[in-house]
Amino acid sequence: MPQAAVLIARAVFPETVARLRQHFVVEDNPTDTLFTKPELIARLQCKVGAFTTGSERIDAEVLAACPQLRVVANMAVGYNNFDIAACNAAGVLATNTPDVLTETTADFGFALMMATARRMAEGEHYLRSGQWQRWSYDQLAGSDVHGSTLGILGMGRIGQAIARRGALGFGMRVIYHNRSRLPPEQEAPLGARYVDKVTLLQEADHLVLVLPYSAQSHHAIAAAELALMKPSATLTNIARGGIVDDAALAEALRGKRISAAGLDVFEGEPKVHPALLALPNVVLTPHIASATLATRRAMAELAADNLIAALTGAVVPTPINPGVLPLQASTAPAART
Ligand code: 8YV
């Protein structure tokens, strides 16, 4: 039987490419070209599987133009680049990479929150630019993390991992808001208190966003929400651009409506709102919360595991829409030729 063909849409670890080549005819992208939609469609012709990252949008148009596609394996836990309803309609299995990045991403979220509260980026700039001439009593004075109130919006795996760091490592009082409340046995060890969104905004000293992006969470933090926060509060976003209205945030930071923000994700990234770039009280990082070599390797491996399993009839480790699997089973022989 001829081997199935797959596309690796972005540059990835050579060992991941080599592993996929043991199973499939692989078209990879060693130059890491960002494909336009027509280019992506062209590359996906005759491919039954795609190894994607957050930068490839798989929507109804792509799926209609690639009717032989059976599986799209994202090297990311977030999958807002996939139209899951369209994948379901087309019988295409979508997979993501949960769990393997939880602790690494939580480390980064906590670090970004601390850097924001303690004005580390401002301090570094102050020093490097030669402004540091002497000590002064309130120089770059920030706000305490230990003993303060940590607010978490989106209490999934990463939210809980951040809550653990705050509660158990820094003696923080944890409040959270989520679509659903955690069972008491998960809340208790963290002393986490479930609150409504308004209470979360009003009481948090440090608010961290860890919710998935969707039409419902678009601009979940905009001018009205920022207006409810304490003027001394910080906001950290490691979730997705678009959850925060960046223009409204820049305005709130400029007017000291809140004290500072730490942002790893942006609306329309890699572009960053110019008003944010001009502000001192915001720490900006280029979407690197999961970026340790060990974790990126684990993400690539899990995405490859998913792709291989889906196309060889094995148990798929982390499917997003497992409901399409029975449909896949009935079409699998055709898909694999
Ligand atoms: C990825 C992420 O690096 O997993 C996610 O959802 O945001 C990051 O870990 C990024 O999406 C590239 O795929």
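Just so you know, ligand 1 is whichever comes first in the structure, and atom 1 is the first atom listed for that ligand.
Considering Ala291, Ser290, Ala300, Ala303 only, the shortest heavy-atom separation from atom 8 (C) of ligand 1 involves Ser290. Residue Arg296 holds the heavy atom nearest to atom 3 (O) of ligand 1 of all those in Glu56, Arg296, His287.
For ligand 1 and Gly78, the ligand atoms under 4.0 Å from any heavy atom of the residue are 4 (O), 5 (C), 6 (O). The atoms of ligand 1 that sit less than 4.0 Å from any heavy atom of Leu101 are 4 (O), 9 (O).
Counting non-hydrogen atoms of neighbouring residues, nucleotides and ligands closer than 6.0 angstrom, the NZ atom of Lys37 exceeds 12 such neighbours. Environment of OH in Tyr79: sparse, with no more than 12 heavy atoms of neighbouring residues, nucleotides or ligands closer than 6.0 Å. The environment of CZ in Arg179 is sparse: at most 12 heavy-atom neighbours from other residues, nucleotides or ligands sit within 6.0 Å.
What sits closest to atom 4 (O) of ligand 1 on the protein, heavy atoms only, is Val77 N, 2.8 Å. Looking from atom 11 (O) of ligand 1 to the surrounding protein, the closest heavy atom is Ala76 CB, 3.5 Å.
Partner of Arg157 under the side-chain hydrogen bond (donor to acceptor under 3.5 Å, both in side chains) criterion, chosen from Asp99, Thr102, Thr105: Asp99.
Taken together through direct or relayed side-chain contacts under 4.5 Å among Ile, Leu, Val, Met, Phe, Trp and Tyr, Val283 and Leu277 form parts of separate hydrophobic clusters.
For His177 and Tyr194, the ring centers sit closer than 6.0 Å to each other.
Of the heavy atoms in Arg240, only side-chain atoms (C-beta onward) come closer than 4.0 Å to ligand 1.
Between Gly54 and ligand 1, at least one N/O pair is under 3.5 Å apart.
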